[in-house]
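Computed from a prediction, not measured in an experiment: that's the story for all the values here. Remember, it's 1-based here, ligands and their atoms both numbered in the order they're listed.
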Amino acid sequence: MNLPLPELPPARAGRARLLALLPCAGLGSRAGTAGPKQYHPLAGQPMVAHTLLALSQVGFDAALLVLAPGDTGVGVPLPSAFFLQDCGGATRADSVLNGLEALALAGADANDWVLVHDAARCLIDAEDVKRLIRTCEHDAVGGLLALPLADTLKAAETDGTGAARSSATLARGGKWLAQTPQMFRLGLLSDALHTARDKGFEHITDEASAIEALGLLPRLVPGNPMNFKLTFPADFALAEVLLQHRKNVS
Ligand SMILES: Nc1ccn([C@@H]2O[C@H](COP(=O)(O)OP(=O)(O)OP(=O)(O)O)[C@@H](O)[C@H]2O)c(=O)n1
Ligand SMILES: C[C@](O)(CO)[C@H](O)COP(=O)(O)O
């Protein structure tokens, strides 16, 4: 970690700090972009600039972007209270855990709330984040934005030609698609991810999965379909249209 680590503002009397952590250190290998997808231009700005703009409207005490080792900036000035560390790891879970350690070194407490949000979800709406915070700030566990599954769910197998074929229709009742932000106390999330790392991060694809592995039940807060993760090339085409539209109406 070569980038300067600021000191976090003191917690307001009797209140936990509200912190954000943005994993921004991936390769974007499924995106087909020329470089890491978080820097790919969308509506005239690197993708992550849109994520930062939305989160800057939430009112965090501090927000940390976790960049890949050697990255020194994101191509746009950072909003106030945002800072960088180039402590990204081999997987998203490693990047988040390293980011939590950087927050603790900067003075964060175990009691502080941390909202982990993918840099790659650049259409996040600040109002949805505020709703997540209002719902979870008095919850004993914490929670995440998510969407109840709307489509029929298929199990697939591959045939002799390599084509995917539907082999069964799975029950979709009670199934949700996880989004971010995911909001937990720093101490609980850190313990959960350390425990998960000791088991090789098996089945850990988000923060909630590490919390569930401790036997706890994160709250599911209905999210917004616009908050999709830009993963495949078609996601970028859709995001470009939506972000251009936002730009034209603002
Ligand atoms: N080692 C990693 C891997 C992912 N991420 C971040 O986690 C978020 C969600 O991950 P995903 O969409 O899977 O991104 P990539 O890992 O970059 O994509 P791919 O799997 O296609 O390479 C992204 O903001 C990404 O930058 C990270 O910080 N560190
Ligand atoms: C955290 C996440 O965005 C929840 O849907 C998602 O799991 C991250 O994507 P990945 O492909 O699992 O890294």
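- Only side-chain heavy atoms of K37 come within less than 4.0 Å of ligand 1; its backbone N, CA, C and O stay farther off.
- The shortest N or O to N or O distance between R30 and ligand 2 is under 3.5 Å.
- When hydrogens are left out, the protein atom nearest atom 4 (C) of ligand 2 is A178 O, 3.5 Å; that is the closest non-hydrogen contact.
- Considering backbone and side-chain atoms alike, G89 places an N or O below 3.5 Å from some N or O of ligand 1.
- Where the criterion is an N or O separation shorter than 3.5 Å, residue side chain and backbone included, R30 meets it with respect to ligand 1.
- By the 4.0 Å heavy-atom criterion, R121 is counted among the residues contacting ligand 2.
- Checked by distance only, ligand 1 and A119 come closer than 3.5 Å through their nitrogen or oxygen atoms.
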Scan the side chains in residues 54-68 for donor-acceptor partners under 3.5 Å anywhere in the protein, sequence neighbours excluded, and list what turns up.
| residue | atom | partner | partner atom | Å |
| --- | --- | --- | --- | --- |
| S56 | OG | L52 | O | 3.4 |
| S56 | OG | L53 | O | 2.7 |
| D61 | OD1 | R12 | NH2 | 2.8 |
| D61 | OD2 | L18 | N | 2.7 |

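- With respect to the salt-bridge test (charged N to carboxylate O, under 4.0 angstrom), the residues R185 and D112 do not qualify.
- Given atom 9 (O) of ligand 2, the protein heavy atom at minimum distance is K229 CE, 3.1 Å.
- Here H117 has no heavy atoms under 4.0 Å from ligand 2, in either its backbone or its side chain.
- Contact annotation: for A90 versus ligand 1, heavy atoms closer than 4.0 Å belong to the backbone alone.
- Within the set G28, P36, C24, the minimum heavy-atom distance to atom 18 (O) of ligand 1 is found for G28.
- If you number the atoms of ligand 1 from 1 as listed, the ones under 4.0 Å from a heavy atom of S95 come out as 1 (N), 2 (C), 27 (C), 28 (O), 29 (N).
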